[in-house]
Amino acid sequence: MLYKILEVYARPDFPEKLRQHVLLSLVALLVAIAIAMPVALMIRNSRLGALIAINIGNIGRAVPSLAILALALPFFGIGFGSALVALTALAIPPILINASTGLREVDKGVIDAARGMGLSGGQILARIQLPIAAPVIFAGIRTSAVQTVASATLATFIGGGGLGDLIVEGYSRRGPEILLAGALAVAILAIITEIGFGVLERAFTPKGLKIAQKRRK
Amino acid sequence: MSNPALLLLQDLTGGTELVDWEWLGENFWEDILPALQGHIFLSSISVAIALIIALPVGILSARYRKAYPPVTFVTGILYSIPSLALFAILISIPGVAIGPSPVIIALVAYSLLILIRNTVAGLDSVPPETKDAARGMGLTDRQILFRVELPLALPIIVAGIRIATVTIIGIATIGAYINGGGLGTLIFDGIQRQFPTMIIAGAVLATAMAIVADLLLLALERYLRPWARVRRT
């Protein structure tokens, strides 16, 4: 069985499926960051804005990922682009919620102290708010990334390609080795994403915060 | 049909209307209601089974701290495996037939991390002084667990049930691919037949179900936490 699975990975179309999967996930994640981060920055000082963002994010979480992908079908048709739009929509809520709460939860006293030291609004954002909120923001990006890699598997149902193609092929043709090969590839990709972004998250935690976290323990 | 947005929608869908109300009316009893019932069944039985596993594991992990990291590691890995892949792996196991069982197994697996984590967090949140006071009153360890720790931890455990339920309702739609039933059947049939009405019916009902479950469990969470009735935010 193992040999048969490895044979699937040696197929000429495997690298293409893997490439599609990574491309779908990566582009969706980047576009989602490019949309969610400016919105989070804009509403960082507004209570109402934060409330709206969090509620939109929560409703977004309640919509099943399969539903969002399937709904892209009547509007954008079959294909890679359609899947990309749906995956981007799915990737936004976790980033928006975390960035918005992360920025808002920065201690008001710290911001006051920075203002007292003569820092401008922009400087406070760049040197105080963003570094302190960075771990929370990255946790959101990590959640979103893992979820996007998982949902990209479903792109196959609307002709978006990716590793899900192998699962569908194996399932409909009753080829257990193709089914397992696709499933294992997707699972490994998701776990790598989870671990990789965890490392990134730690790397972006400012030294001072790490010390503070340790002290609290 | 004078609404320009609706006309645009019609255009995008190639002339057919996005929602065929007639179809919805005709097929409510035959297709839609059973799918909804199936979905409620899949989600509730999965959360129930997951709780039966997660509560003891969580209580033990809170007691024997060394067991906690490996438990979160294993359940964390399960949690990060994409659902379609997990379904595929499960049905590859000899003896596991397609249908609701592999779907329920996968949904249980996904709930474990959230439920165990919240059980431990809930038990951790009980102040040591409270436990000391209980012990001083002559309660045994078992009595402390059932009469003091668990009731105090319950709101956080219910918060975990809430997150798990919403997550599971979403993932359960994908289970229809391996004949698990539920609202996903409407979505997959809709894709197959290029019939947006079915996709929308499945999507709207699954979302509504997730929101209703979320609100109900939130109400339960508040009810179980009478000491925090005063709203903080």
Side-chain angles (χ1 to χ4, degrees), chain A residues 1 5 21 47 50-51 58-78 143 146-154 156-159 163-164 166-168 170-172 176-195 198, chain B residues 8-9 12-14 16 18 39 76-94 98 163 166-167 169-178 183-184 186-188 190-192 194-200 202-214 233:
Chain A
M1 192 64 183
I5 291 174
H21 202 104
R47 219 193 146 97
L51 198 71
N58 278 334
I59 293 174
R61 261 192 355 180
V63 188
S65 46
L66 177 67
I68 294 195
L69 275 147
L71 283 173
L73 202 58
F75 295 102
F76 305 104
I78 284 175
T143 309
V146 176
Q147 194 185 294
T148 308
V149 169
S151 304
T153 320
L154 309 175
T156 179
F157 295 129
I158 61 168
L163 293 168
L166 290 174
I167 296 179
V168 168
Y171 184 74
S172 52
E177 69 280 354
I178 308 174
L179 183 75
L180 262 181
L184 290 177
V186 169
I188 291 166
L189 194 62
I191 292 169
I192 290 176
T193 311
E194 165 93 25
I195 294 171
Chain B
L8 181 70
L9 284 184
L12 284 167
T13 54
T16 50
L18 210 51
H39 213 82
I77 294 227
L78 281 176
Y79 187 74
S80 55
I81 298 176
S83 43
L84 190 61
L86 191 53
F87 292 149
I89 293 170
L90 284 171
I91 58 173
S92 303
I93 299 170
I98 57 169
I163 304 171
V166 173
T167 311
I169 291 174
I171 297 174
T173 53
I174 302 163
Y177 185 66
I178 56 165
L183 292 165
L186 296 175
I187 299 177
F188 280 113
I191 294 175
Q192 200 104 58
Q194 304 251 9
F195 185 34
T197 304
M198 287 183 90
I199 299 177
I200 291 171
V204 168
L205 285 174
T207 308
M209 198 179 135
I211 293 174
V212 169
D214 191 45
T233 44

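Below, chain A is the first sequence line, B the second, and so on; all start at residue 1. Excluded from the calculations below are hydrogen atoms, water molecules and symmetry mates; all remaining heavy atoms, backbone and side chain alike, are included.
- Contacts of B/L183 with chain A are absent, with no heavy-atom separation under 4.5 Å from either backbone or side chain.
- Both the backbone and the side chain of B/Y177 come within less than 4.5 Å of a heavy atom in chain A.
- Listed by chain and number, the residues in a side-chain hydrogen bond (donor to acceptor under 3.5 Å, both in side chains) with A/E177 amount to none (sequence neighbours excluded).
- With a 4.5 angstrom heavy-atom cutoff, A/V63 touches chain B via backbone and side-chain atoms both.
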Report task. Take B/Y79 and A/V146 through the test side-chain contact (heavy atoms from CB on, under 4.5 Å) and record every step on the way to the result. Result -> CA-CA 10 Å; B/Y79 187 74; A/V146 176; over 6 Å; no
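- With a threshold of 4.5 angstrom between heavy atoms, A/L73 approaches chain B through side-chain atoms but not through N, CA, C or O.
- Of all the listed residues (A/S65, A/A67, A/G77), the one sharing the greatest number of non-hydrogen pairs under 4.5 Å with chain B is A/A67.
- With rounding to the nearest 0.5 angstrom, the OG1 atom of A/T156 is 8.5 Å from the CG atom of B/L84.
- In this structure, the separation between CD on A/Q147 and OG1 on B/T167 is 9.0 Å, given to the nearest 0.5 Å.
- For the options B/D214, B/I187, B/I200, heavy-atom pairs under 4.5 Å to chain A are most numerous at B/I187.
- Between chain A and the residues B/V204, B/V166, B/I174, the most heavy-atom pairs under 4.5 angstrom are made by B/I174.
- Here B/I89 is the residue among B/I81, B/I171, B/I89 with the most heavy-atom pairs under 4.5 Å with chain A.
- When each of A/I78, A/L71, A/I158, A/V149 is checked for heavy-atom pairs under 4.5 Å with chain B, A/L71 comes out on top.
- The OG1 atom of B/T173 sits 10.0 Å away from the CG atom of A/L69 when rounded to the nearest 0.5 Å.
- For B/I98, the part sitting under 4.5 Å from any heavy atom of chain A is the side chain, from C-beta outward, and nothing else.
- Counting non-hydrogen atoms of neighbouring residues, nucleotides and ligands closer than 6.0 angstrom, the CZ atom of A/F157 exceeds 12 such neighbours.
- A/L66 CG to B/F188 CZ: the interatomic distance, rounded to the nearest 0.5 Å, is 4.5 Å.
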Which donor-acceptor pairs under 3.5 Å do the side chains of residues 178-195 of chain A make with protein atoms, sequence neighbours left out?
from	atom 1	to	atom 2	distance (Å)
A/T193	OG1	A/L189	O	2.6
A/E194	OE2	A/R142	NH2	3.2

